[in-house]
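In what follows, a single structure is set out as structure tokens and then discussed.
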Amino acid sequence: MRKKNKRQVFEQVEVVDAGARGKTVAKAPDGRVIFLQNAVPGDVVTVQTTKKRKAYFEGVATHFHRLSKRRTEPACKHFEQCGGCKWQHMDYQSQLYYKQREVENNLKRIGHLEFPEIHPILGSEKQFFYRNKMEFSFSNSRWLYPHELESDSLIEDKNALGLHIPGMWDKVLDLEECHLQADPSDAIRLEIRRFATEKKLPFFNPRTQEGLLRTLMIRTSSTKELMVLIQFAREERNSMELLLDHIAQTFPEITSLLYVINTKKNDTLYDQEIHCYKGRDHIWEAMEDLKFRIDAKSFYQTNSEQAYVLYKLVRELAGLTGKELVYDLYTGTGTIAQFIAGKAKKVVGIEIVPEAVTAARINAEINGIHNTEFVTGDMKKVLDDSIVEKYGIPDLLITDPPREGMHKQVVDQILKMGPERIVYVSCNSATQARDLALMDEAYEICTVQPVDMFPQTHHVENVVLLKKRKA
């Protein structure tokens with residue numbers, strides 16, 4: 001029989017630090033760590049525990065005795081319920097401080113690495129409305145506020161179009177506003193919700209897999225183009241056209257109006273056929289004199305303006321003279337590869353997603369870049385001796401892996417190739433530290449530069465320049 005989790009209350013507890021995944025850290029009277037979701041370092045709080053583990057507690061602050069000087073008023077009315085922005089209650093300079101601390105701690109504690117002083121984190125000029133892509137979910141059984149649950153009144157409208165409540169895959173928070181993506185994102189979402197409810201178009205239920213409307217994706221670009229994609233759970237031509245026609249008429253500025261009919265149990269688009277209802281099947285993104293064709297499945301850095309800061313940093317650290325062979329691992333749609341190509345002899349990009357490689361080749365052709373080549377395949381299988389035989393040993397290797405970092409076989413092959421310099425871009429400094437530790441005997445860390453791509457969240461990008469140790 002499972003032991004009951006006995007909740008405890010701790011009074012006058014000071015929140016002392018920020019931890020992983022956006023949580024903050026306090027100490028229980030017995031010295032154990034308490035991870036909190038709703039406090040800021042410097043707060044003095046009453047804590048009610050929600051989970052007890054051998055080495056730590058999880059809990060919530062139920063009363064605030066003293067508020068931290070690091071606190072600020074959240075901009076969004078949904079902040080306490082929504083999981084989109086975990087740090088809106090912390091001032092931006094404090095967010096940057098704790099992000100830089102996280103990078104430093106991970107390199108020291110996980111990697112046990114020696115490195116020069118970390119450069120001050122590059123903050124984002126925009127702290128709100130910086131995202132170029134948002135995905136919202138429909139639900140016919142929205143998350144209800146406590147006052148609604150306690151009320152005796154009948155709740156007639158349970159439709160939602162918004163974001164999932166953290167930790168609740170089947171509950172969607174109905175958003176009246178969102179401070180992550182600029183207008184007309186809010187206007188489009190709210191009008192779709194209003195019109196679909198008025199016309200009684202059924203919102204999806206993830207538990208029963210019933211309903212018509214599944215998800216809404218909105219993409220914007222620095223060229224002021226706009227993509228809207230509706231995901232339907234089944235083909236129902238009259239209802240689909242009713243909604244799509246209304247969207248097209250109400251928002252004539254939409255460049256690309258798309259839809260998907262997805263009968264699967266999950267919402268992923270990558271194995272789905274995209275249908276173009278009106279306009280183009282893509283939008284254009286621009287950076288310096290380069291253009292990038294963005295379709296519904298394309299990966300592009302979510303903060304366009306800060307992506308430019310990141311790519312300029314990578315180009316600067318690369319230190320290219322025009323004579324170098326460069327390998328760009330996890331190249332995606334080849335944005336970094338093309339951004340640095342003008343200063344390299346040749347760039348070879350490797351990527352597992354075939355559609356991304358196709359997009360990279362198209363973009364290179366559009367941009368008149370003829371010294372890039374893109375290879376499709378699983379990195380740990382493609383990056384082997386045969387690729388070196390074909391292209392040669394790279395002078396510079398750029399790697400920008402997913403959050404889980406690089407497979408050990410990939411690290412081993414990099415060590416075997418032995419490029420003179422490596423620029424490692426990471427969205428997870430913990431797995432980056434692990435990988436750097438595996439390369440520590442062969443490479444020394446020369447530069448560590450954090451970059452904030454996602455204000456109001458705990459996420460931080462980190463760029464490290466490595467140089468081969470002298471024998």
- request: Let me see the working for Arg421 and Asp395 under salt bridge (Lys or Arg N to Asp or Glu O under 4.0 Å), right down to the final yes or no.
  value: CA-CA 7 Å; Arg421 298 190 312 286; Asp395 303 291; over 6 Å; no
task: Output, in order, the C-alpha distance, side-chain angles, deciding distance and verdict of side-chain contact (heavy atoms from CB on, under 4.5 Å) for Cys178 and Asp186.
output: CA-CA 7 Å; Cys178 181; Asp186 270 356; 3.8 Å; yes
- prompt: Do Lys408 and Asp412 pass the salt bridge (Lys or Arg N to Asp or Glu O under 4.0 Å) test, and can you show the C-alpha distance, the side-chain angles, and the key distance before you say yes or no?
  reply: CA-CA 6 Å; Lys408 189 175 182 301; Asp412 289 343; 3.2 Å; yes
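Judged by the 6.0 Å distance and 45° axis criteria, Arg189 is positioned over the aromatic ring of Phe136. Cation-pi check for Arg214 over Phe204 is met; the charged atom lies under 6.0 angstrom from the ring centroid and within 45 degrees of its normal. For the pair Lys312 and Tyr308, the cation-pi criterion (under 6.0 Å, within 45° of the ring axis) is fulfilled. Annotation: cation-pi pair Lys291/Trp284 present, NZ/CZ under 6.0 Å from the ring centroid and within 45° of its normal. Both tests hold for Arg70 against Tyr97: distance to the six-membered ring centre under 6.0 Å, angle to the ring axis within 45°.
In this structure, Tyr277 and Tyr259 have perpendicular ring planes: the angle between them is above 60°, well past the 30° mark. The aromatic rings of Tyr311 and Phe339 sit tilted relative to each other, their planes meeting at an angle between 30° and 60°.
Neither side chain, Asn205 nor Glu210, offers a donor N or O lying under 3.5 Å from an acceptor on the other. With no hydrogens or angles considered, no side-chain donor-acceptor pair links Lys224 and Thr220 at under 3.5 Å. There is no side-chain donor-acceptor pair under 3.5 Å between Thr333 and Thr335.
Test Arg193, Arg194, Lys77 against Asp174 for salt bridge (Lys or Arg N to Asp or Glu O under 4.0 Å) and you get one pass: Arg193. When each of Asn462, Ile121, Val464 is paired with Val103, the side chain to side chain contact (heavy atoms under 4.5 Å, CB included) condition holds for Asn462 and for no other.
Note that the CD1 atom of Ile336 and the CZ atom of Arg315 stand 11.5 Å from one another [nearest 0.5 Å].
Using a 4.0 Å cut-off between charged side-chain N and carboxylate O, Glu58 and Lys23 make a salt bridge. Using a 4.0 Å cut-off between a side-chain N of Lys or Arg and a carboxylate O of Asp or Glu, Asp17 and Arg101 qualify as a salt bridge. In summary, Arg280 and Glu225 engage in a salt bridge, as defined by a charged side-chain N under 4.0 Å from a carboxylate O. Under 4.0 Å is where a charged nitrogen must lie from a carboxylate oxygen, and between Asp271 and Lys264 at least one such pair does.
Annotation: Glu117, atom CD; neighbour count of heavy atoms from other residues, nucleotides and ligands within 6.0 Å does not exceed 12. At most 12 non-hydrogen atoms from other residues, nucleotides or ligands lie less than 6.0 angstrom from NZ of Lys381.
Between Asn132 and Gln181 there is no side-chain heavy-atom pair separated by less than 4.5 Å. The shortest distance between side-chain heavy atoms of Glu324 and Lys345 does not fall below 4.5 Å.
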